[in-house]
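Remarks on the structure that follows.
Every value quoted in this text rests on a predicted model; they were computed, and no experiment measured them.
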Amino acid sequence: MNDTYYEFGTPADRWDRAQMFFDAKEYLTAARILGGLVEEAPEQVAPRLLLARAYYHSARLSKAEAELRAVLELSPVEHYARLMLGRTLERQGRSEDAAPHLRMAAAMSGDPLPAGGP
């Protein structure tokens, strides 16, 4: 992969750039930038979570799942990651695997489960 200006700058510059591309729905470019940030600081949750979202929106579901599992390993109480993991598994046709994550996300956020939900 050729380096472009996207990968240059301070981590804060690249974070801002990644968010800008994500907000513009340029998920592949956002993921490219975020991947570098995650490599540099794998213990940080926010870049991993945004990377997972970029993967999800660009239909790279196995990569989204891997990042979400990494987020939950770092921060088991991250209810949004739990919700996203459930939705990612559902989108892969793995409803049974998704159900416990969706239930836990609902319990953690205080949201009731939908009628007839998982």
Side-chain angles (χ1 to χ4, degrees):
M1 184 178 302
N2 293 332
D3 284 341
T4 64
Y5 86 94
Y6 304 132
E7 285 87 20
F8 293 106
T10 67
D13 292 337
R14 288 179 284 141
W15 171 250
D16 290 342
R17 196 174 299 127
Q19 288 180 308
M20 178 190 69
F21 280 105
F22 185 89
D23 291 343
K25 298 183 182 244
E26 295 287 338
Y27 302 118
L28 295 176
T29 303
R32 182 174 175 183
I33 298 165
L34 290 162
L37 289 171
V38 166
E39 281 182 26
E40 290 173 25
E43 73 285 353
Q44 291 188 357
V45 170
R48 282 190 178 277
L49 190 54
L50 191 57
L51 178 57
R53 291 177 64 201
Y55 285 150
Y56 179 87
H57 287 297
S58 60
R60 298 190 308 183
L61 301 177
S62 61
K63 288 185 175 213
E65 179 183 350
E67 286 304 322
L68 291 164
R69 290 188 187 281
V71 166
L72 290 169
E73 192 170 305
L74 291 168
S75 180
V77 296
E78 178 60 57
H79 80 276
Y80 186 69
R82 186 78 56 190
L83 173 65
M84 277 195 64
L85 178 57
R87 296 291 182 231
T88 299
L89 293 169
E90 278 184 331
R91 198 167 165 196
Q92 293 175 346
R94 296 165 54 195
S95 295
E96 282 187 34
D97 295 335
H101 297 287
L102 295 173
R103 280 193 302 272
M104 190 176 298
M108 293 168 82
S109 70
D111 292 336
L113 287 172

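- When side chains are defined from C-beta on, E90 counts as touching L102, because their heavy atoms get closer than 4.5 Å.
- Atom CG of L85 and atom NE2 of H101 lie 4.5 Å apart (nearest 0.5 Å).
- Of the inter-residue distances, the one linking L34 atom CG with L50 atom CG reads 4.5 Å to the nearest 0.5 angstrom.
- Once rounded to the nearest 0.5 Å, the distance linking CZ of R32 with CZ of R14 reads 12.5 Å.
- Salt-bridge check for E67 with K63: failed, with every basic side-chain N at 4.0 Å or more from each acidic carboxylate O.
- For A46, the side-chain contact (heavy atoms from CB on, under 4.5 Å) partners are W15, not counting sequence neighbours.
- There is no path of hydrophobic side-chain contacts, each under 4.5 Å, that joins M104 to L89.
- Between A98 and G86 the shortest heavy-atom distance is CB-O, 3.2 Å.
- Placement of I33 and M20 within a single hydrophobic cluster is found when ILVMFWY residues are connected by side-chain heavy-atom separations under 4.5 Å, directly or transitively.
- Relative to the ring axis of Y56, R87 does not place its NZ or CZ within 45° and under 6.0 Å from the centre.
- H79 meets the side-chain contact (heavy atoms from CB on, under 4.5 Å) test with M108, S109; sequence neighbours excluded.
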### Task
Go through Q44 and L37 one step at a time and tell me if the side chain to side chain contact (heavy atoms under 4.5 Å, CB included) criterion holds.
CA-CA 9 Å; Q44 291 188 357; L37 289 171; over 6 Å; no

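- Using bins of under 30°, 30° to 60° and over 60° for the plane-to-plane angle, the ring pair Y27/H57 lands in the parallel bin.
- Here the straight-line distance linking atom CD of E43 with atom CG of L74 works out to 8.0 Å at 0.5 Å rounding.
- Across A105 and R82, no two heavy atoms sit closer than the pair N-CG, 3.8 Å.
- Of all heavy-atom pairs between A64 and A52, the closest is CB-O, 3.6 Å.
- With sequence neighbours excluded, the residues that form a side-chain contact (heavy atoms from CB on, under 4.5 Å) with A81 are L49, L68, V71, L72, E78.
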### Task
Start with the C-alpha distance between T88 and R91, add both sets of side-chain angles, then the distance that settles side chain to side chain contact (heavy atoms under 4.5 Å, CB included), and finish with yes or no.
CA-CA 5 Å; T88 299; R91 198 167 165 196; 5.7 Å; no

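- E73 and R48 are not joined by a salt bridge, as no carboxylate oxygen comes within less than 4.0 angstrom of a charged side-chain nitrogen.
- In terms of heavy-atom proximity, S62 sits nearest to Q92 at N-NE2, 3.5 Å.
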